[in-house]
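Here the structure is laid out as structure tokens; the discussion comes afterwards.
All values derive from a computational prediction rather than experimental measurement.
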Amino acid sequence: MLYDIRLHLHYDYHDAAGGSRHHVQVTPRTIAGVQRVIASSLSFEPTPTERSDFVDFFGNAVTSAAFRGVYEALDIRMSARVSVSRPEPGLDVSPGLGTLFGEIASVRSLAPDSPHHFAAASDFVDIDDAITAYARESAGRNASVAAIADDLCNRIYRDFAYDGEATTVATKAADAFALRRGVCQDFSHVMIAGLRGLGIPAGYVSGFLRTIPPPGKDRLEGADAMHAWVMVWCGLETGWLEFDPTNGMRASNDHITAGCGRDYADVAPIVGVLRTTGSQAGEQAVDVIPVG
């Protein structure tokens, strides 16, 4: 599948802002055998005083922008053309939990895709007893790691309600689990916490999802938002598989990856510091447009 992706981040400040520096992480990345970025651009208004582009430890594209002057609004626009061709799910040859632990121990690497980075607690994902007990129900009726992840993904989809008002960007996995409500960020954190509680390495994927309008309805421009799902290490032979608990499905060709990390803290679309007083408000608009 070939997609044009457009993202617009807009921020208004009650009083003028300035002396700021932001790290922006929204540009899709090329992943061998999964997706290829054909072209991309990232622009700012006002124009940054300083700008640098780099790749972080996990291979994500990051832009650092500093603003010395003052401004009352900030606009960030990203556009990209991306080709996505995920491998079709094959025969499940992932190990059981007992075998998985030995396979994790056999990995003598701290490369970015090593399972060791994704097994312990992180900023948004504690190893929580209640979430682990919930995940253990999936382990009790499935033999393989991939089957456990698939079952847990679908249970979260069934048991949790999508509610954009229930949580905030700072909500952690345990709080979202107690509410049984939230958004894609929360469902992904809960699934990651459950898998790690069982000893299964799991990480956070940030990106974009093509949405299909109801029959007879036009696609609404700018109505989408960035999306999040989960990557799970399923043993030496299978490697990483991706699951979307918000939609109860494996990641498909409609999922376009921007970045991955241990949790949201590693791949937040924008982080930084600035000098201002009063309040600020932000808006996000995303279009994922199939080409051809």
Side-chain angles (χ1 to χ4, degrees), residues 57-58 60 92 94-157 159-160 167 170-180 182-206 228-246 248 250-251 257 259-268:
F57 174 77
F58 292 110
N60 306 316
D92 182 4
S94 62
L97 280 179
T99 303
L100 178 74
F101 302 149
E103 293 191 4
I104 295 172
S106 74
V107 177
R108 304 292 183 179
S109 169
L110 290 178
D113 62 349
S114 169
H116 297 297
H117 298 301
F118 304 92
S122 53
D123 289 349
F124 283 84
V125 179
D126 290 326
I127 305 301
D128 181 83
D129 290 343
I131 302 179
T132 300
Y134 178 80
R136 193 171 288 117
E137 296 178 32
S138 291
R141 55 176 172 260
N142 292 285
S144 73
V145 172
I148 292 169
D150 190 65
D151 187 75
L152 182 59
C153 171
N154 284 285
R155 287 174 58 220
I156 292 171
Y157 172 69
D159 296 346
F160 288 64
T167 58
T171 301
K172 296 191 175 184
D175 298 319
F177 181 77
L179 292 170
R180 296 294 202 279
V183 295
C184 58
Q185 173 181 319
D186 304 301
F187 304 153
S188 296
H189 282 154
V190 169
M191 182 171 174
I192 292 167
L195 292 170
R196 290 183 187 171
L198 297 176
I200 302 172
Y204 186 98
V205 185
S206 173
W229 58 97
V230 178
M231 61 183 198
V232 184
W233 196 75
C234 297
L236 291 170
E237 186 168 351
T238 301
W240 292 97
L241 299 178
E242 298 178 24
F243 299 84
D244 181 351
T246 305
R250 290 272 190 100
T257 299
C260 62
R262 293 160 297 183
D263 59 29
Y264 174 81
D266 285 337
V267 290

Can you tell me how far [atom2] of [Y] sits from [atom1] of [X], rounded to the nearest 0.5 angstrom?
{"X": "Phe243", "Y": "Arg250", "atom1": "CZ", "atom2": "CZ", "result": "4.0 Å"}
{"X": "Thr257", "Y": "Trp229", "atom1": "OG1", "atom2": "CH2", "result": "4.5 Å"}
{"X": "Thr99", "Y": "Ile104", "atom1": "OG1", "atom2": "CD1", "result": "11.0 Å"}
{"X": "Ile148", "Y": "Leu195", "atom1": "CD1", "atom2": "CG", "result": "8.5 Å"}
{"X": "Ile192", "Y": "Arg262", "atom1": "CD1", "atom2": "CZ", "result": "11.5 Å"}

Problem - Nearest non-hydrogen partners of Trp233 and Pro115, listed with the distance - result: CD2-CB, 3.7 Å
Fill in the blank from the handout: For Asp150, the salt bridge (Lys or Arg N to Asp or Glu O under 4.0 Å) test, sequence neighbours excluded, returns none
Taking only residues two or more places apart in sequence or in another chain, which ones pass side-chain contact (heavy atoms from CB on, under 4.5 Å) with [X]?
{"X": "Ser94", "answer": "Asp92, Ser144, Val145, Ala146, Cys234, Thr238"}
{"X": "Asn60", "answer": "Gln25, Arg29, Asp56, Phe58, Cys260, Val267"}
{"X": "Ala120", "answer": "none"}
{"X": "Ala121", "answer": "Asp126, Ile127"}

Exercise for the section: Keeping to residues at least two apart or across chains, list the side-chain hydrogen bond (donor to acceptor under 3.5 Å, both in side chains) pairs with something in residues 102-120. Expected result: none
Exercise for the section: Enumerate the residue pairs fulfilling side-chain hydrogen bond (donor to acceptor under 3.5 Å, both in side chains) with a member in residues 185-196, sequence neighbours excluded, ordered by first and then second residue. Expected result: Ser122-Arg196, Thr167-Asp186
Practice task
Evaluate the side-chain proximity of Val230 to Pro245: yes if any heavy-atom separation is below 4.5 Å, no if none is.
Solution key: yes
Practice task
Just do the side chain to side chain contact (heavy atoms under 4.5 Å, CB included) check on Phe160 and Thr246 with the steps written out, would you?
Solution key: CA-CA 9 Å; Phe160 288 64; Thr246 305; over 6 Å; no
Handout entry: Residue list, ring-ring contact (aromatic ring centres under 6.0 Å, His included) with Tyr134, at least two apart or on another chain
Key = Phe177
Problem - Inter- and intrachain pairs under salt bridge (Lys or Arg N to Asp or Glu O under 4.0 Å), touching residues 230-242, at least two apart - result: Arg86-Glu242
Exercise for the section: Just grab all the salt bridge (Lys or Arg N to Asp or Glu O under 4.0 Å) pairs involving residues 127-137, residues at least two apart or on different chains. Expected result: Glu137-Arg155
Which side-chain N or O atoms in residues 199-206 pair as donor and acceptor under 3.5 Å with protein atoms at least two apart or in another chain?
none

